[in-house]
Amino acid sequence: MIQKELTLDEYIDDPVNTTMINERCIELALGIRYMDAVGHENLTEIGAVMPHYGYCEHSIIDLFSDDHPAGDVQAVDAETCDFTGRDVLCLSTVEHIGKEDYDNPDIDDQKAIRILDKITNESNSFFVTWGTRYHNELDTYVKDNLDKYDWFGYIKREEKLWEYTGTDMAVWDQEFDKPYRYANGNIFLLPKDNA
């Protein structure tokens, strides 16, 4: 569905929460490729990420962000949404679901897994990303079910350099904030039948 490898000059370097030292530089570049492939009309984004960068022509849901200056964001729980026939984009959001992040009062380590299954089972297509070793239950679940996805990873090799690692399992061992700040391994999931 999308070209998975990036060159250094394709990274997104933007002063709004994305610099060459965090994982957003590669997630955004690949997320834009996904959006270009599926279009905006049938796209639902979980987590208000793309509006920060001028991409707000699609449906956006974010339980903790209903007032967004760059686009119309609906403050709804992804677990209550119907993704049937939709294309779903979720950049660095799924790993925060059910955690204490964003003053979330609903702590539930299994919620991210339920939402990922919902996306996988209902959507027409999806592109889901997150940094490894931040939500261990999610990491373990996906590792135990890799046959359900077309997946690939990137490992941070230097502070501002990511290496595409394909399906090398070493990506899952990369710790968050160690040795470099932010994610040091990043996972990307696509539907198995869209490889």
Side-chain angles (χ1 to χ4, degrees), residues 1-14 17-37 45-47 49-50 88-101 108-121 123 125-195:
M1 171 180 276
I2 65 168
Q3 169 64 34
K4 299 171 184 175
E5 294 184 57
L6 292 168
T7 61
L8 186 62
D9 63 327
E10 292 175 301
Y11 293 7
I12 303 295
D13 190 11
D14 186 283
N17 193 33
T18 299
T19 64
M20 297 288 277
I21 64 169
N22 72 24
E23 62 274 16
R24 287 269 171 94
C25 68
I26 58 172
E27 290 175 323
L28 288 169
L30 291 166
I32 292 167
R33 284 184 184 172
Y34 173 74
M35 289 173 41
D36 287 346
E45 180 179 3
I46 301 173
V49 173
M50 295 308 289
V88 178
L89 176 66
C90 185
L91 303 179
S92 275
T93 298
V94 71
E95 77 274 23
H96 298 287
I97 295 173
K99 296 294 188 183
E100 294 176 354
D101 306 353
D108 179 354
D109 287 335
Q110 298 302 305
K111 187 171 184 175
I113 295 166
R114 290 193 305 271
I115 290 173
L116 179 60
D117 279 345
K118 186 172 179 51
I119 293 166
T120 303
N121 294 330
S123 69
S125 76
F126 57 85
F127 188 65
V128 179
T129 76
W130 73 93
T132 56
R133 305 283 298 274
Y134 187 87
H135 190 307
N136 292 324
E137 295 83 3
L138 177 64
D139 287 359
T140 299
Y141 175 78
V142 173
K143 282 192 297 186
D144 288 347
N145 291 280
L146 286 175
D147 61 329
K148 292 171 56 173
Y149 310 103
D150 173 24
W151 75 278
F152 61 97
Y154 273 79
I155 294 176
K156 188 183 280 188
R157 296 297 187 195
E158 297 175 18
E159 185 180 53
K160 297 181 180 181
L161 179 65
W162 288 85
E163 178 187 351
Y164 170 74
T165 57
T167 57
D168 185 338
M169 294 300 286
V171 68
W172 296 99
D173 298 327
Q174 305 307 305
E175 294 186 46
F176 201 86
D177 276 334
K178 184 178 179 183
Y180 304 107
R181 192 161 178 225
Y182 306 113
N184 283 266
N186 227 66
I187 299 300
F188 298 82
L189 298 183
L190 292 156
K192 186 70 166 184
D193 58 351
N194 285 327

Rounded to the nearest 0.5 Å, the OG atom of Ser92 sits from the CD1 atom of Ile187 at a distance of 11.5 Å
Evaluation steps, side chain to side chain contact (heavy atoms under 4.5 Å, CB included), between Tyr180 and Ile21: CA-CA 8 Å; Tyr180 304 107; Ile21 64 169; over 6 Å; no
Take Arg157 and Thr165, measure what side chain to side chain contact (heavy atoms under 4.5 Å, CB included) needs, and give me the verdict at the end. CA-CA 11 Å; Arg157 296 297 187 195; Thr165 57; 4.2 Å; yes
Can you confirm whether Ile32 sits close enough to Ile12 that some side-chain heavy atom of one is under 4.5 Å from a side-chain heavy atom of the other? yes
Can you check whether Thr93's main-chain N or O pairs, donor with acceptor, with Glu95's side chain at less than 3.5 Å? yes
To the nearest 0.5 Å, how far apart are CD1 in Ile26 and OG1 in Thr129? 8.5 Å
Non-hydrogen side-chain atoms of Glu23 and Trp162 separated by less than 4.5 Å: yes
What's the separation between atom OG in Ser123 and atom CG in Leu89, rounded to the nearest 0.5 Å? 11.5 Å
Partners meeting ring-ring contact (aromatic ring centres under 6.0 Å, His included) with Phe176 (sequence neighbours left out): Tyr134
Hey, does Ile97 have a side-chain heavy atom less than 4.5 Å from the side chain of His135? no
Of all heavy-atom pairs between Lys4 and Leu190, which one has the smallest distance, and what is that distance? CE-CD1, 4.3 Å
Between Asp13 and Lys160, does at least one N-O distance fall below 4.0 Å, as a salt bridge requires? no
Are side-chain heavy atoms of Phe188 and Ile2 found at a separation under 4.5 Å? no
Using 0.5 Å steps for rounding, measure from the CD atom of Glu10 to the CZ atom of Arg33. 4.5 Å
With the side chain counted from C-beta on, respond yes when Leu138 and Ile113 share a heavy-atom pair under 4.5 Å apart, and no when they do not. yes
Shortest non-hydrogen separation from Ala183 to Gly131 and the atoms involved: CB-CA, 3.8 Å
Where is the tightest heavy-atom contact between Pro191 and Ser125, given as atom of each residue plus distance? CG-CA, 3.8 Å
Quick one: list whatever passes ring-ring contact (aromatic ring centres under 6.0 Å, His included) with Tyr164, sequence neighbours left out. Phe152, Tyr154
Grab the two heavy atoms, one from Asp177 and one from Tyr182, that are nearest each other, plus how far apart they are. OD1-N, 2.5 Å
Show the nearest heavy-atom pair for residues Tyr34 and Val88, with the distance to one decimal. OH-N, 3.4 Å
Carefully, step by step, assess Tyr149 and Lys192 under the rule side chain to side chain contact (heavy atoms under 4.5 Å, CB included). CA-CA 4 Å; Tyr149 310 103; Lys192 186 70 166 184; 5.8 Å; no
Holding to side chain to side chain contact (heavy atoms under 4.5 Å, CB included), I want the full list of residues that pass it with Arg114, two or more places apart in sequence or in another chain. Glu79, Asp108, Gln110, Lys111
When rounded to the nearest 0.5 Å, the distance separating CG of Leu6 from CD of Glu163 is 13.0 Å
So, Arg181 side chain and Asn22 main chain: donor-acceptor pair closer than 3.5 Å or not? no
What one should report as the nearest heavy-atom pair of Asn136 and Arg133 is OD1-CA, 3.6 Å
Can you confirm whether Lys156 sits close enough to Asn186 that some side-chain heavy atom of one is under 4.5 Å from a side-chain heavy atom of the other? no
Name the residue from Thr120, Asn121, Asp117 that meets the side chain to side chain donor-acceptor pair (under 3.5 Å) definition with Lys148. Asp117
Any heavy-atom pair between the side chains of Lys143 and Met169 that's under 4.5 Å? yes
Can you check whether Leu91 reaches Leu28 side chain to side chain, under 4.5 Å on heavy atoms? yes
Is there a side chain to side chain contact (heavy atoms under 4.5 Å, CB included) between Tyr11 and Leu161? Walk through the geometry before answering. CA-CA 9 Å; Tyr11 293 7; Leu161 179 65; 3.9 Å; yes
Quick one: pull up CH2 in Trp130 and CG in Leu189 and give me the separation to the nearest 0.5 Å. 4.0 Å
